Amino acid sequence: MSEDKMQADDATRVASVVDDRDDEFKWHTGKQLPTGVQDAIEFVDVHKAFGRNKILRGLNMGIPEDKISMILGPSGTGKSVCIKHMVGLLYPDQGDIIVHGKSVPMMHDDELFDMRKKFGVLFQDGALFGSMNLLDNVAFPLRQHTDKGEEEVMEIVNRRLAEVGLTNAGDKMPNELSGGMRKRAGFARALVLDPDIVLFDEPDSGLDPVRTALLCELIQEIHEENGGAYVVITHDIMSARRVAEHISVLWKGRIVESGPAEQLFNSDNAFVRQFLAGDSQGPLGME
Amino acid sequence: MVRSVADRAFLPTKNLLEEVGDMMILTGKTISSALRPPYPYGGEFVSQFLFAIKLCWFPLLVSTVAFGFGAPGLQAANFLVIFGALDRLGGFFVLASIREFAPFVTAIVLAGVAGTAITADLGARKIREELDALQVLGVDPVKNLVVPRFLALMLVTGLFNIYALIFGVFGGILATLTNGAPLGPFWATFFTNASTTDLWGSVLKTTLFGAIIAIVCCYKGMTASGGAEGVGRAVNQAVVIAFLGVFAFNYVFTQTLLATHPEILVPR
């Protein structure tokens with residue numbers, strides 16, 4: 001083989017590697033369709049890696065104020081990592097997260113603990129405190145952060161427990177509850193301080209379809225009543241169709257597309273179409 | 001290739017240094033959180049203090065008596081009998097029990113019983129996302145969970161050292177009686193050699209052992225990952241690191257004490 005030919009082959013190989021690298025993000029238009037409202041939370045070019053495992057790779061995303069937003073994406077794309085960045089449980093390696101105009105990574109501990117009072121978070125399994133019964137779990141934020149008397153605290157707690165259908169379970173310990181009940185109790189605790197922003201980390205995981213639908217209805221009802229920016233992380237397209245007002249599709253640590261739900265469901269992006277239709281044919285495979 | 005070999009060779013060292021650094025930072029945060037108002041950890045401090053006493057009093061009693069009787073008691077007595085100097089056993093117990101064995105046995109029992117319970121408890125909370133939930137609810141886990149455990153373990157370890165001294169010396173008494181010797185000479189050489197420096201040195205050293213155990217065990221619990229298996233791993237690592245920390249610190253502390261108070265080196 002001549003030297004020219006070998007060099008040409010090398011050049012082709014290099015070009016194909018470069019193309020492959022470009023191809024990785026070829027569906028990521030990063031398009032952020034306008035919502036007409038301000039963003040409560042913004043991710044600005046956020047990078048995050050755990051060891052060599054790069055999770056967020058230049059994430060730019062906005063979560064609009066006063067809407068139910070969903071972050072959708074395949075497993076392992078960094079959805080839960082996003083939530084942890086919003087509340088300062090994780091810090092980005094690069095980039096910024098802005099909540100109501102303030103940079104989270106730049107906050108001191110005291111500011112951070114103060115800022116977190118704006119948030120209610122429903123963790124995957126409810127994250128109830130195992131040493132407290134349900135009443136004390138839901139009352140915990142009120143006792144910690146308000147000067148309310150015990151009678152008023154109990155009144156609020158009972159109202160919140162009633163909203164999530166746990167009126168008679170107040171004296172039960174978390175290990176006596178089913179997964180669905182733990183989630184609902186976690187939801188009641190997340191709402192008890194009337195937060196401006198509520199984050200739901202896969203509220204549908206481990207629930208049957210009927211209970212998932214009921215939980216979605218509950219999210220919608222409480223949002224209508226209280227308002228605020230709600231962020232739901234899920235893989236469940238049915239849930240997205242039911243409650244989402246804004247959708248961000250996340251893949252490989254970046255936004256593929258985001259915007260109002262009805263526009264995303266009609267997107268012409270092949271990846272977004274495949275994912276939102278739950279189709280096996282398309283850019284997303286098993287890899 | 002070279003980089004990957006270098007990574008493989010140096011990664012464990014780098015991780016170890018990172019962990020030690022993180023533990024130092026946690027120590028600083030714990031001390032500053034303990035001193036800065038508000039002080040919401042009173043209740044948790046009392047419950048951790050009582051919890052440690054409840055868990056450790058019996059294992060410590062058995063360990064100190066058995067250890068005092070067996071190692072410095074019978075074995076040193078066998079040796080001293082050859083020289084007809086069994087009365088010196090009391091003086092030896094000042095060195096053996098007050099200076100070394102009582103603090104060591106206390107630290108080992110506290111790390112193995114109370115320390116592991118702390119790591120398992122915090123590790124399980126971490127896995128269940130309770131610690132994240134606490135932080136999100138605006139509660140500082142260092143102030144509310146680490147500080148009370150840190151203070152309780154320090155106090156309990158310091159107090160248990162006196163308890164261990166008493167039962168350790170009781171082991172020496174048993175050894176003396178086993179050899180059919182009277183206790184008068186034992187006490188005579190014991191009190192001639194004992195000094196307040198030995199006593200406060202022993203209590204201070206053990207209190208600081210408690211601090212090391214608390215920080216290591218809280219750190220390993222709060223950074224546990226990987227489900228139930230991860231909690232088991234954290235508990236195992238906590239005990240190993242706490243022992244290493246205690247042994248290393250003991251060397252530095254005892255040598256410093258002896259260097260700054262050379263009079264306690266001289267047998268009387």
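Proteins come first, then strands; the chains are lettered A, B, ... in the order of their sequence lines, and each starts at number 1. Every value quoted in this text rests on a predicted model; they were computed, and no experiment measured them. Worth knowing before you read on, the calculation uses all heavy atoms, side chains too, and leaves out hydrogens, waters and symmetry mates.
Annotation: A:F50, atom CZ; neighbour count of heavy atoms from other residues, nucleotides and ligands within 6.0 Å is above 12. Residue-environment remark: CZ (B:F58) stays at or below the threshold of 12 foreign heavy atoms within 6.0 Å. Environment of CD in B:E229: sparse, with no more than 12 heavy atoms of neighbouring residues, nucleotides or ligands closer than 6.0 Å. Counting heavy-atom neighbours within 6.0 Å of A:K172 NZ, excluding the residue itself, gives a total of 12 or less. Heavy atoms of other residues, nucleotides or ligands lying less than 6.0 angstrom from CZ of B:F170 number 12 at most. Sparse packing is recorded around NZ of B:K29, with 12 or fewer heavy atoms of other residues, nucleotides or ligands lying under 6.0 Å away. For CD of A:E225, the number of neighbouring non-hydrogen atoms (other residues, nucleotides, ligands) closer than 6.0 Å is greater than 12. Heavy-atom contacts from other residues, nucleotides or ligands closer than 6.0 Å to CG of A:D147 number 12 or fewer.
Between B:R36 and A:D110, at least one side-chain nitrogen of the basic residue sits less than 4.0 Å from a carboxylate oxygen of the acidic one, meeting the salt-bridge criterion.
Among A:I83, A:V87, A:L89, the one residue that satisfies the side-chain contact (heavy atoms from CB on, under 4.5 Å) test with B:D132 is A:L89.
Between B:E129 and A:A127 the shortest heavy-atom distance is O-CB, 3.5 Å.
Looking only at side-chain heavy atoms (C-beta outward), B:V139 and A:F140 come within less than 4.5 Å of each other. Using a 4.5 Å heavy-atom threshold, the side chains of A:D125 and B:R128 count as separate. A heavy-atom distance below 4.5 Å is not found between the side chains of B:L137 and A:F113.
Contact of A:N137 with chain B is not made at all, since no heavy-atom distance falls under 4.5 Å. Residue B:L131 does not touch chain A at all, counting heavy-atom pairs closer than 4.5 Å. Heavy atoms closer than 4.5 Å to chain B are found in the backbone of A:L128, but not in its side chain.
To the nearest 0.5 Å, atom CD of residue B:E130 and atom CZ of residue A:F123 are 10.5 Å apart. Interatomic distance, A:R116 CZ to B:Q135 CD, rounded to the nearest 0.5 Å: 5.0 Å.
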